[in-house]
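Within every chain, numbering begins at 1; the chains are lettered A, B, ... in the order of the sequence lines, protein sequences first and strands thereafter.
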There are 2 protein chains.
Amino acid sequence: MSRLAGKIPVMSQKPARKEVADKSYHHDDLRQKLIDATRDMIRSGGVEAVSLRKLADRVGVSRTAAYHYFRDKNVLLCTLAEEGFRQWQDQISRIFQDDSRLPAERYRLYIRWYMTYALENAEYYDLMFGRSIWKQKCATESLKAIAYDVFQDQVKLTRQGQKQGFLPAGEDSLRLAQVSWGTLHGLARLLIDGIYTDNSHIDEMCDCAANLLMR
Amino acid sequence: MSRLAGKIPVMSQKPARKEVADKSYHHDDLRQKLIDATRDMIRSGGVEAVSLRKLADRVGVSRTAAYHYFRDKNVLLCTLAEEGFRQWQDQISRIFQDDSRLPAERYRLYIRWYMTYALENAEYYDLMFGRSIWKQKCATESLKAIAYDVFQDQVKLTRQGQKQGFLPAGEDSLRLAQVSWGTLHGLARLLIDGIYTDNSHIDEMCDCAANLLMR
DNA sequence: AGCCAATCTTGACACTGTCAAATTCCGATG
DNA sequence: CATCGGAATTTGACAGTGTCAAGATTGGCT
């Protein structure tokens with residue numbers, strides 16, 4: 001009944017709380033601290049390494065304290081994935097707003113950026129596009145919303161590429177968006193998951209992918 | 001010292017063991033029973049649903065009995081993945097040996113088969129190509145061997161396609177094999193993991209992928 | 001000043017994988 | 001035929017995990 005499931009609780013009274021020692025009962029902004037600590041844990045040890053108990057230890061709070069801000073572990077992870085998608089969306093739009101480059105050139109850049117991001121933030125990518133979050137009934141509504149948004153961007157971006165003539169005009173934009181994302185995602189996963197073990201020819205793979213997708 | 005890590009123990013004396021009641025101390029071929037039961041569990045509930053204790057219960061044996069045949073849970077899963085890759089290899093070679101079809105036609109068929117297999121055996125595909133098995137230091141040597149073999153087949157098959165003129169001849173065969181597999185794997189994962197939620201246009205996606213990969 | 005509700009903790013439960021040590025039993029050996 | 005070694009299996013234990021129900025603590029408002 002009192003579970004707020006991710007909503008910010010009543011702590012939203014603006015009067016700046018007087019400085020509280022780390023050991024006090026009530027914390028400053030526990031929700032944010034939990035998110036930050038979780039992000040750290042993911043970055044260092046991957047999603048698998050996230051444990052609510054270790055998290056609590058790290059933040060200096062009891063095992064179940066997080067349950068007042070997140071319905072369960074899954075919702076916490078979804079929250080972080082959401083954050084990731086927002087940054088993702090930002091960075092992509094930045095690439096395609098760079099008018100100093102030709103459209104086709106931007107698309108090639110996008111492919112390289114995708115791969116670089118996925119490899120440099122492997123654990124975070126794994127969170128955002130991993131099964132744990134998306135498996136039936138797991139994904140939060142807000143996560144689904146932002147992810148859908150990001151995918152719509154990909155569709156727009158594809159349609160534009162077709163109009164600009166560097167993506168095959170004959171294909172349906174939706175399918176083309178699906179398949180091109182599939183290609184990038186597939187390569188990223190094969191590398192991240194350790195199925196492809198040769199990390200020294202990423203650029204060549206990107207080029208090959210670009211050659212296939214563009215024309 | 002006495003851990004045999006997946007090798008078949010001394011049970012290899014040929015004299016047909018006299019029929020043993022299911023409840024007896026020594027079982028008939030526990031190793032195989034464990035493998036079979038694990039396969040069942042994967043098919044119904046996915047890799048995540050595999051628990052050594054439930055497995056033991058199911059086979060009618062104590063929690064730790066499996067440890068005499070598999071060093072740990074990971075090795076058991078690798079064994080099953082290996083089995084999967086062998087069947088995988090079989091089915092693919094069967095497709096490409098069908099002389100009643102044109103090479104290009106066979107390749108299109110292969111793409112459709114890939115997708116169909118991945119979706120109809122989602123949990124098994126997830127095992128074979130999932131992170132749990134492949135993550136650093138997890139994959140068994142024999143698993144790596146068969147998987148490498150399967151990938152080499154893909155390279156050969158790609159090179160042949162280039163010679164036969166339905167795959168772009170300009171690209172390096174290895175890269176092309178990597179990227180084409182990436183495309184299929186990516187689409188499969190996006191569907192299996194629940195990121196793509198529309199399962200009613202698989203064929204269109206396959207066609208689009210084929211159009212991009214072939215020429 | 002005192003209460004209420006938001007916040008956090010304690011206790012408990014049912015799981016998990018895995019190790020070490022004890023048990024059971026088969027089959028070859030004396 | 002009895003025995004004994006070692007393989008096959010079990011029991012006990014430990015350190016984890018997520019999560020629920022209840023209790024303890026606290027700050028802000030009336």
Side-chain angles (χ1 to χ4, degrees), chain A residues 1-5 7-34 38 41 45 47-78 132 138, chain B residues 1-34 38 41 45 47-77 132 138:
Chain A
M1 179 184 290
S2 64
R3 285 286 156 75
L4 298 177
K7 286 293 167 199
I8 297 173
V10 186
M11 55 154 58
S12 21
Q13 306 96 339
K14 278 119 206 171
R17 192 76 45 80
K18 60 178 74 171
E19 276 297 322
V20 196
D22 256 32
K23 296 217 164 188
S24 88
Y25 204 90
H26 284 98
H27 290 241
D28 208 13
D29 188 356
L30 183 50
R31 190 185 137 91
Q32 194 55 46
K33 279 184 187 168
L34 287 168
T38 306
M41 293 180 81
V47 189
E48 297 250 301
V50 175
S51 137
L52 290 186
R53 302 170 102 109
K54 280 179 197 155
L55 174 64
D57 268 12
R58 195 176 167 127
V59 176
V61 90
S62 88
R63 298 149 257 153
T64 62
Y67 282 86
H68 260 253
Y69 298 92
F70 307 96
R71 185 162 41 75
D72 53 26
K73 186 183 178 180
N74 179 61
V75 170
L76 169 61
L77 292 179
C78 283
S132 45
C138 280
Chain B
M1 181 185 289
S2 64
R3 285 288 157 75
L4 297 179
K7 286 293 167 199
I8 298 173
V10 187
M11 54 154 57
S12 21
Q13 305 96 339
K14 280 112 202 179
R17 195 74 45 81
K18 59 178 78 171
E19 276 296 321
V20 197
D22 255 35
K23 297 216 162 187
S24 88
Y25 203 90
H26 284 96
H27 290 240
D28 208 12
D29 189 356
L30 183 52
R31 190 185 137 91
Q32 194 55 47
K33 278 185 187 167
L34 288 168
T38 306
M41 293 180 80
V47 188
E48 295 250 302
V50 175
S51 135
L52 289 187
R53 301 169 102 110
K54 279 180 197 156
L55 175 62
D57 268 10
R58 196 175 167 127
V59 176
V61 89
S62 87
R63 298 150 257 153
T64 61
Y67 282 86
H68 260 257
Y69 299 93
F70 308 96
R71 184 162 42 77
D72 54 26
K73 187 183 179 180
N74 179 61
V75 171
L76 169 62
L77 292 179
S132 45
C138 280

What N/O pairs connect the protein and nucleotides 12-16 of chain C at under 3.5 Å? Give each pair on its own line.
from: C/dT16; atom 1: OP1; to: B/S51; atom 2: OG; distance (Å): 2.9

Could you state the atom-to-atom distance from [atom1] of [X] to [atom2] of [N] in whole Å?
{"X": "B/L55", "N": "C/dT18", "atom1": "CG", "atom2": "P", "value": "12 Å"}
{"X": "A/D57", "N": "C/dT9", "atom1": "CG", "atom2": "P", "value": "11 Å"}
{"X": "B/H68", "N": "C/dG17", "atom1": "NE2", "atom2": "P", "value": "18 Å"}
{"X": "B/L30", "N": "C/dC25", "atom1": "CG", "atom2": "P", "value": "16 Å"}
{"X": "A/D29", "N": "C/dA6", "atom1": "CG", "atom2": "P", "value": "17 Å"}
{"X": "B/Q32", "N": "D/dA8", "atom1": "CD", "atom2": "C1'", "value": "18 Å"}
{"X": "A/L34", "N": "C/dT7", "atom1": "CG", "atom2": "C1'", "value": "12 Å"}
{"X": "B/Y67", "N": "D/dT10", "atom1": "OH", "atom2": "P", "value": "14 Å"}

- Item | Inter-axis angle, terminal five-pair segments of the helix from C/dA1-D/dT30 to C/dG30-D/dC1 [nearest 10°] |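 About 30°, once rounded to a multiple of 10°.
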
- About how many Å separate OH of A/Y67 and OG of A/S62, when rounded to the nearest 0.5 Å? 11.0 Å

- Might you confirm whether atom CD of B/E48 has over 12 heavy atoms from other residues, nucleotides or ligands at distances under 6.0 Å? no

- Query: Does anything in residues 52-69 of chain A pair up under salt bridge (charged side-chain N to carboxylate O under 4.0 Å, His left out), and if so which pairs, sequence neighbours excluded?
  - Reply: A/D40-A/R58

- Under-4.0 Å side-chain N/O to phosphate OP1/OP2 contact, A/Y69 with C/dA6: no

Considering non-hydrogen atoms only, spot the tightest contact between [X] and [Y] and give its length.
{"X": "B/S132", "Y": "B/N74", "value": "O-OD1, 3.9 Å"}
{"X": "B/G45", "Y": "B/A49", "value": "O-CB, 3.3 Å"}
{"X": "A/C138", "Y": "A/C78", "value": "O-SG, 3.7 Å"}

- Could you check B/L52, B/L77, B/L34 and say which one makes a side-chain contact (heavy atoms from CB on, under 4.5 Å) with B/F70? B/L34

- Mark yes or no for whether B/K33, through its side chain, and B/G60, through its backbone, hold a donor-acceptor pair below 3.5 Å.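 Not confirmed, B/K33 side chain does not pair with B/G60 backbone.
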
